[in-house]
Amino acid sequence: MVRPCHDDPVTSDPVTSTVTVLRELLDLLDQAAPVERIAQVAAAAGADAEVEHAAEAALRVRRRLSEHSRREAELTALFDTASDLALLRDTDAVLRSIVHRARSLLLTDTAYLTLNDPEAGQTYMRVTEGSTSALFQRLTLNLGEGLGGLVAQTALPYATANYGTDRRFEHTPAIDAGVADEGLVAILGVPLLLGSTVIGVLYAANRSAREFSAAEVSLLTSLANHAAIALDTARLLEESRTALAELNAANEVIRAHSDAMARAQDAHDRLSDLVLRGGDTAQVAAALGSVLGARGIVVHDAAGSELAVAGHGPRELPAGLVERSRTAGRAIQDGGTWVCAILAGPELLGSITLTADTELTEADRRLFERASVVTALLLLLRRSVAETEDRLRGELITDLLTAPERDPDGLLERGRRLGIDLRDPHLVAVAHAGDVSRRRLTAAVPWLPPARMVGAHADTVVLLAQGEDPAVLGERLAGELSTAVGRPVTVGAAGPAAGPAGLVDAHAEARRCLHALLALGRGGTGTAMSGLGFVGALLGDRADIHGYVRATLGPVLDYDRRRGTELMRTLNTYFACGGSLTRAKDELHVHVNTVAQRLERIAGLLGTDWQEPERALEIQLALRLHAVSGPG
């Protein structure tokens with residue numbers, strides 16, 4: 001009798017043989033042996049019906065155990081993913097974890113996730129794992145293209161055992177090239193859904209043919225749902241952070257306003273009958289002079305200019321006393337004169353000078369010093385209001401000139417709040433002063449007609465004013481601004497025009513006028529297009545300036561651009577020197593033969609009649625227009 005063994009379960013005793021086979025089947029189940037091994041043992045046992053029945057049962061149990069193990073692994077992965085979401089700190093890390101689990105659970109070569117861009121109508125790569133192709137990782141799909149584009153468009157999962165031969169999908173050269181470069185064959189894609197909105201697609205893919213089961217589609221869909229939650233949670237967190245930051249900023253504004261109110265109230269309480277209810281520096285000076293019995297009070301700004309006078313005070317500051325008061329942080333006496341610096345922290349805002357016939361008591365001195373605090377608050381308030389109004393006007397001008405069509409009604413309302421009706425006709429002036437700052441130029445505007453607005457825009461200062469003649473406005477502004485800043489200020493003007501669109505067009509014309517003045521060598525002056533002669537007429541009518549320049553000087557412009565030569569400069573200089581080769585060579589710092597050779601080249605490009613009177617006039621006009629309008 002042969003003893004049964006694993007390699008030969010059949011014996012001469014049928015009962016013993018059956019029992020041995022059954023034991024071995026149970027051992028294999030206990031060891032979680034592969035299905036193939038169980039089938040092998042059953043086949044070796046022969047045609048015994050009992051053994052065959054037991055083997056079928058063992059195979060069913062083994063498959064069920066495998067299914068339970070797989071399901072347990074899937075549930076564990078989903079639980080781990082949910083745990084990651086609960087501790088969400090890094091959205092990319094969570095998405096990478098989801099893609100990794102998708103690849104591990106489905107046992108695919110690659111897994112990746114794309115996100116939709118609704119405005120562009122595309123879906124693009126966000127996270128990949130197992131990918132080796134840079135071309136594939138940069139792949140972007142239009143909605144409806146390829147498998148992923150179809151998933152993103154329809155919100156339905158799609159799978160293919162062989163993408164290259166599957167005609168259900170819209171193949172494009174870019175997508176096919178990326179898929180081929182990655183070597184992908186079988187692809188499964190499921191949508192990332194937030195409600196009914198598709199925000200992306202989660203994929204699992206193989207480099208060999210493979211059929212994806214319904215269970216695998218369901219698992220990948222569950223992971224995609226977690227990925228959608230991760231992205232939505234990140235969005236909500238970001239919105240919460242933004243709202244919190246805005247709330248904190250609002251609280252800071254409220255706190256700053258509260259502190260300012262407290263300081264103002266404290267000054268009111270300490271100064272008692274010197275409280276200024278909405279007063280100005282003149283009222284401070286008058287009240288202080290009355291309370292202290294001073295012969296005179298004078299308030300100066302930081303530059304020493306007189307702001308207010310009460311009584312018969314000294315009209316000039318005593319030398320050195322303001323700096324001594326600033327350093328000491330208190331009032332300084334020099335004979336019968338007292339000086340107290342007006343400070344805002346370390347910043348000097350000005351000073352108050354007091355002359356008295358009698359000595360100031362300690363209480364009077366403190367009151368005098370407290371008056372400087374009130375004055376500082378008034379000056380700061382005045383500056384703050386001025387800066388705020390300047391900022392609001394500047395913002396309105398910027399919005400008006402850059403996006404008038406975005407909210408025209410809003411622009412009109414903002415203008416009304418600043419005291420200007422943009423529906424009324426206005427002149428538009430554009431001022432430029434070289435290296436002078438726009439803030440300084442804005443502050444130096446010495447004259448503004450009623451219903452006006454001024455602000456910085458691009459590299460210029462823009463002024464809206466009531467009036468009828470833009471040339472008069474431009475000339476007057478250029479003169480007064482040049483005097484105020486001590487530098488030449490060039491001003492182009494246009495109008496009148498009404499409404500956001502009309503003002504934008506007028507600004508464009510005023511800016512062209514400014515550029516024309518600078519190009520014509522008329523910096524430091526101001527006018528409108530009507531003051532520019534034929535240049536103004538051409539620019540104002542919006543003629544085809546560039547076309548004219550190209551038709552007249554195109555061969556020379558092209559030659560300079562290709563060869564890096566200076567024929568245009570030579571041509572300008574030659575005409576500027578009245579056709580004199582000697583003067584031209586001096587201006588160009590070259591030999592006279594070089595000038596002659598260049599002119600011969602120009603003749604070859606423009607024709608031998610280029611110096612004839614009519615042709616020369618056309619060329620000089622084109623040269624001037626080229627300088628005015630810029631390269632074309």
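Residue indices begin at 1 and follow the sequence shown. Excluded from the calculations below are hydrogen atoms, water molecules and symmetry mates; all remaining heavy atoms, backbone and side chain alike, are included.
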K.L.:
Between R210 and T108, does a side-chain contact (heavy atoms from CB on, under 4.5 Å) hold up when you go through it step by step?
P.N.:
CA-CA 10 Å; R210 168 179 174 175; T108 55; 3.4 Å; yes
K.L.:
Mind checking whether L463 and L473 have side chains closer than 4.5 Å, heavy atoms only?
P.N.:
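A side-chain contact exists here, since the closest heavy-atom pair is under 4.5 Å.
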K.L.:
Ignoring hydrogens and angles, state whether a donor on the side chain of T123 or N116 is under 3.5 Å from an acceptor on the partner side chain.
P.N.:
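Per modelled atom types, T123 and N116 side chains form a pair under 3.5 Å.
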K.L.:
From T197 OG1 over to L193 CG, what is the distance, rounded to the nearest 0.5 angstrom?
P.N.:
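Atom-to-atom, T197:OG1 and L193:CG are 8.5 Å apart.
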K.L.:
Nearest 0.5 Å, what's the CG-CZ distance between L514 and R512?
P.N.:
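Answer for the CG-CZ pair, L514 versus R512, is 12.0 Å.
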K.L.:
Rounded to the nearest 0.5 Å, what separates atom CG in N162 from atom CG in N206?
P.N.:
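The distance works out to 11.5 Å.
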K.L.:
How long is the straight-line distance from CG of L247 back to OG of S240, given to the nearest 0.5 Å?
P.N.:
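Here the interatomic distance stands at 12.0 Å.
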K.L.:
Kindly assign one of parallel, tilted or perpendicular to the pair Y112 and F136, based on the angle between their ring planes and the thresholds 30° and 60°.
P.N.:
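Because their plane-to-plane angle is over 60°, the rings of Y112 and F136 count as perpendicular.
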K.L.:
Tell me which pairs pass salt bridge (Lys or Arg N to Asp or Glu O under 4.0 Å) where either residue lies in residues 127-145, with sequence neighbours left out.
P.N.:
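Those involving residues 127-145 are R103-E129.
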K.L.:
Just checking, any donor-acceptor pair under 3.5 angstrom between side chains of Q122 and N142?
P.N.:
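There is such a pair between these side chains.
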K.L.:
Measure across L188 and L106 and return the closest heavy-atom pair with its distance rounded to 0.1 Å.
P.N.:
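Minimum heavy-atom separation between L188 and L106: CD2-CD2, 3.9 Å.
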K.L.:
With the side chain counted from C-beta on, respond yes when L184 and Y163 share a heavy-atom pair under 4.5 Å apart, and no when they do not.
P.N.:
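Side-chain contact under 4.5 Å: no.
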K.L.:
Give the minimum heavy-atom separation between S208 and A186, together with the two atoms involved.
P.N.:
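Result for this residue pair: O-CB, 3.5 Å.
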K.L.:
Check whether any side-chain heavy atom of L202 sits under 4.5 Å from a side-chain heavy atom of L192, and report yes or no.
P.N.:
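They are in contact (side-chain heavy atoms under 4.5 Å apart), so the answer is yes.
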K.L.:
Can you name the closest pair of heavy atoms from P191 and P157 and give their distance?
P.N.:
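Answer, listing the atom of P191 first, then P157: CD-N, 3.9 Å.
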K.L.:
Would you please test L115 and Y124 for side-chain contact (heavy atoms from CB on, under 4.5 Å) and show each step?
P.N.:
CA-CA 6 Å; L115 291 182; Y124 62 93; 3.9 Å; yes
K.L.:
Considering non-hydrogen atoms only, spot the tightest contact between P470 and G495 and give its length.
P.N.:
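Shortest heavy-atom contact: CG-O, 3.6 Å.
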K.L.:
Quick check: closest heavy atoms across A152 and L143, and the distance to 0.1 Å?
P.N.:
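So the minimum-distance heavy-atom pair works out to CB-CD2, 3.7 Å.
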K.L.:
In Å and rounded to the nearest 0.5 Å, what is the CD1 to OG1 distance from I187 to T110?
P.N.:
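Interatomic distance, I187 CD1 to T110 OG1, rounded to 0.5 Å: 8.0 Å.
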K.L.:
Is the shortest side-chain heavy-atom distance between R96 and R101 below 4.5 Å?
P.N.:
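No, side chains not in contact.
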K.L.:
V461 versus V430: any side-chain heavy-atom pair under 4.5 Å?
P.N.:
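Answer no - side chains too far apart.
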K.L.:
If we ignore hydrogens and angles and just use 3.5 Å, is the side chain of H507 paired with the main-chain N or O of G502 as donor and acceptor?
P.N.:
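No; zero donor-acceptor contacts below 3.5 Å.
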K.L.:
Do the non-hydrogen side-chain atoms of T114 and R126 ever get within less than 4.5 Å of each other?
P.N.:
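In short, these two side chains do not touch, never coming nearer than 4.5 Å.
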K.L.:
Restricting to non-hydrogen atoms, name the atom on A429 and the atom on V491 that form the minimum distance, rounded to 0.1 Å.
P.N.:
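That would be CB-CG1, 3.9 Å.
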K.L.:
With rounding to the nearest 0.5 angstrom, report the CG to CD1 distance, D117 to I199.
P.N.:
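It comes to 13.0 Å.
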K.L.:
Contact between L464 and L422 at the side-chain level, heavy atoms closer than 4.5 Å - yes or no?
P.N.:
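They are in contact (side-chain heavy atoms under 4.5 Å apart), so the answer is yes.
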K.L.:
Is it the case that over 12 heavy atoms from other parts of the model lie below 6.0 angstrom from the CD atom of E211?
P.N.:
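No, the 6.0 Å shell around CD holds no more than 12 heavy atoms from other groups.
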K.L.:
Checking the side chain of S222 only, and the main-chain atoms of S218 only, is there a donor and an acceptor separated by less than 3.5 Å?
P.N.:
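Side chain of S222 to backbone of S218, a donor-acceptor pair under 3.5 Å: yes, one is there.
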K.L.:
Can you check side-chain contact (heavy atoms from CB on, under 4.5 Å) on V428 and L503, steps first, answer last?
P.N.:
CA-CA 7 Å; V428 180; L503 292 172; 3.9 Å; yes
K.L.:
Passes side-chain contact (heavy atoms from CB on, under 4.5 Å), V151 versus L147? Steps please.
P.N.:
CA-CA 6 Å; V151 174; L147 183 147; 4.1 Å; yes
K.L.:
Show every salt bridge (Lys or Arg N to Asp or Glu O under 4.0 Å) that has at least one partner inside residues 180-206, sequence neighbours left out.
P.N.:
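Found E182-R207.
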K.L.:
Measuring only between side-chain heavy atoms, which start at C-beta, is Q137 closer than 4.5 Å to S131?
P.N.:
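Sidechains of S131 and Q137: in contact.
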